[in-house]
Number of protein chains: 2
Amino acid sequence: MSTITNVSLVRSIPSGAPTVADFKVSSAPTPAKESLKDGEILVRTLYLSCDPYMRGRLSGRKDSYVASFEPGKSLSGGGVGVVEASSSAKFSAGDIVTGADFQWRTVFVAPAAGFIKVPAAGAAEPVNVLGVFGMPSFTAYVGTVVLCKIKAGETILVSAASGAVGQMVVQLAKARGARVIATAGSDDKVQFVKELGADVVFNYKTVGDYEAAIRSAAPGGFQAYFDNVGGEFLDAVLKCISPNGRIAECGMISQYNATSDTAYAIRNLSYVITSKLTIHGYIVSDYYARPAYGEFVQEVSELLKDGKIQYKIDEVVGLENGPQALLDLFEGKNFGKRVVKVTGRSGRL
Amino acid sequence: MSTITNVSLVRSIPSGAPTVADFKVSSAPTPAKESLKDGEILVRTLYLSCDPYMRGRLSGRKDSYVASFEPGKSLSGGGVGVVEASSSAKFSAGDIVTGADFQWRTVFVAPAAGFIKVPAAGAAEPVNVLGVFGMPSFTAYVGTVVLCKIKAGETILVSAASGAVGQMVVQLAKARGARVIATAGSDDKVQFVKELGADVVFNYKTVGDYEAAIRSAAPGGFQAYFDNVGGEFLDAVLKCISPNGRIAECGMISQYNATSDTAYAIRNLSYVITSKLTIHGYIVSDYYARPAYGEFVQEVSELLKDGKIQYKIDEVVGLENGPQALLDLFEGKNFGKRVVKVTGRSGRL
């Protein structure tokens with residue numbers, strides 16, 4: 001009997017750093033086409049997405065905007081895959097599909113309603129569905145364009161600029177004629193972000209005093225900050241950002257594994273008043289049904305066609321390596337958008 | 001020779017609680033009408049305004065949005081007075097004038113450019129210029145109406161609701177059909193805020209656990225928070241405010257006398273992301289040149305005419321009591337909008 005690989009959560013981790021021992025990699029019988037109920041599809045997973053927001057889903061919290069994973073059950077999240085069998089009129093075998101409810105299984109059965117078909121142009125390179133057209137990339141668009149409204153002549157600071165979100169913030173801001181100041185966590189990443197077009201990039205791990213580094217990188221000030229990291233770096237930004245500055249509050253990865261003892265408390269929030277700042281917290285899923293999503297797809301399609309945008313994917317091969325692939329995010333060990341390659345188009349890796 | 005009273009700063013106080021010993025009350029010769037240079041006016045002060053933002057002006061900080069007071073020189077701030085002599089075509093003797101550069105002197109000479117004439121309707125009750133039509137009242141309008149855009153069916157929470165700003169937040173929100181949850185710092189103040197129309201009011205000094213108190217007062221959640229206090233109360237609000245909540249960040253009076261040892265650091269800023277919050281920091285002076293100011297004057301005039309608004313003034317008599325009148329603000333000892341009555345219309349108190 002053929003089997004599939006399945007990654008499930010062993011226990012909830014409310015705070016602190018999860019380890020691979022908190023996940024279980026197991027085998028299960030391959031679901032049979034004949035088992036499909038009406039309206040279901042059988043999907044073979046091509047790629048799964050590893051994203052920082054998934055830390056919250058490991059916590060067991062019941063009151064969050066996204067449900068926690070249940071111990072003993074498969075993880076789930078963004079993915080792209082191929083329909084192997086369908087009892088839904090929506091899909092046919094061979095369709096490439098995406099959605100936010102991919103199970104962390106090589107093959108799985110699910111209701112068709114949670115999936116959409118990838119257009120032929122995108123299906124040729126399925127990893128792009130999670131990459132340059134993916135959720136983190138659209139997250140960059142919403143924060144940079146919709147909320148911060150960055151424009152030519154302005155300066156934007158972005159943290160974690162080589163990551164899934166940050167690399168698009170850099171390029172979308174440059175495409176608008178803005179000056180870009182960026183941070184990254186290794187010299188290689190700094191070099192990559194410079195190649196994306198950022199004007200000044202520094203390694204936050206070696207730079208020492210954040211406030212001094214920011215003021216030195218942006219001597220004329222900066223009008224917007226795209227936050228991916230939170231914590232001490234955000235606290236320094238609050239002191240330095242120019243009057244009337246806008247902050248897109250996208251993520252605080254420096255705090256996701258914090259405990260009550262290690263969490264960083266913010267001391268400079270009073271600058272929100274004295275510097276007249278606006279802080280925009282947001283969740284990208286609220287924006288898919290708005291005009292911004294179509295505008296994003298169109299702009300990125302054109303930039304891609306003209307060779308004016310790049311998007312770095314950091315691919316880990318094999319679902320059995322999925323837990324470590326996810327945990328790496330919280331230590332900045334990924335370089336670009338982290339995905340897990342689960343199966344190839346042929347069915348093999 | 002007749003003399004006037006003058007209040008000056010003895011030393012800058014970067015942090016911690018100022019005391020009356022940090023101010024000097026002295027006499028000086030009354031300025032003579034004959035000393036006026038071209039374009040100057042001689043003003044007799046009727047009322048001076050005591051406002052929380054003045055704490056920043058005691059600090060000696062050079063990088064703030066408002067200049068610090070210089071030790072050895074008069075304090076200054078909002079006021080209303082009568083022109084006793086003018087060498088400016090803008091004003092005649094007897095005009096009632098207002099502005100943000102009133103010197104803390106019973107009589108003073110200044111360039112006419114910093115003052116505007118109060119229309120006859122307002123001049124009949126000059127304290128209203130600092131009260132219901134004053135800067136704190138307009139501050140309430142900007143935060144409640146322009147930034148939070150509160151509307152019927154929504155709930156707004158406001159802290160320090162018996163103060164110069166808070167009492168208008170309550171009434172402007174009620175005038176729009178919103179539900180109002182409010183805090184105040186004594187049972188008398190709680191009673192007053194209830195009389196203004198607030199739906200639920202609690203005494204933050206005796207309520208115990210802020211988070212529990214807020215959840216109990218607003219079991220259905222709340223869509224907006226008007227912050228006058230910052231610190232621990234704000235931290236609790238961040239946890240409780242409803243998804244997509246808006247925060248008008250007007251003031252943080254709980255922190256204005258803090259030292260680096262006593263300052264409260266914010267632990268719950270990550271809720272800005274998970275609850276998709278928008279925080280609007282602002283300074284009211286940016287809004288006087290916008291349509292909002294005319295809209296505010298018109299709305300408040302109509303509410304006053306119809307007897308639908310009240311505004312509580314907390315008047316301290318005598319400029320020599322000015323320092324204590326100001327310092328009381330930082331301990332919540334005022335009840336309503338704190339002003340100093342300097343001279344009466346007749347020239348005497």
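Every chain is numbered from 1 and lettered A, B, ... according to where its sequence line falls, protein lines coming before strand lines.
In this structure, CG in B:L269 is found 7.5 Å from CG in A:L238, a value given to the nearest 0.5 Å.
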List the atom pairs, with distances to 0.1 Å, where a side-chain N or O of residues 261-268 of chain B and a protein N or O form a donor-acceptor pair under 3.5 Å, not counting sequence neighbours.
from	atom 1	to	atom 2	distance (Å)
B:T262	OG1	B:T259	N	2.8
B:T262	OG1	B:T259	OG1	3.2
B:Y264	OH	B:D235	OD2	2.7
B:N268	ND2	B:D235	O	2.9
B:N268	ND2	B:D235	OD1	3.4

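Contacts between A:S275 and chain B at a heavy-atom distance below 4.5 Å are absent for every atom of the residue. In this structure, chain A has a heavy atom under 4.5 Å from the side chain of B:Y271, while its backbone stays farther away.
Within residues 244-255 of chain A, the residues having any heavy atom closer than 4.5 Å to a heavy atom of chain B are A:N244, A:E249, A:C250, A:G251, A:M252, listed by residue number. Contacts between residues 278-291 of chain B and chain A, counted as heavy-atom pairs separated by less than 4.5 Å, involve B:T278, B:I279, B:H280, B:G281, B:Y282, B:I283, B:D286. Within residues 156-164 of chain B, no residue has any heavy atom closer than 4.5 Å to a heavy atom of chain A.
Chain A forms more heavy-atom pairs under 4.5 Å with one residue of B:V272, B:L234, B:I273 than with any other, namely B:I273.
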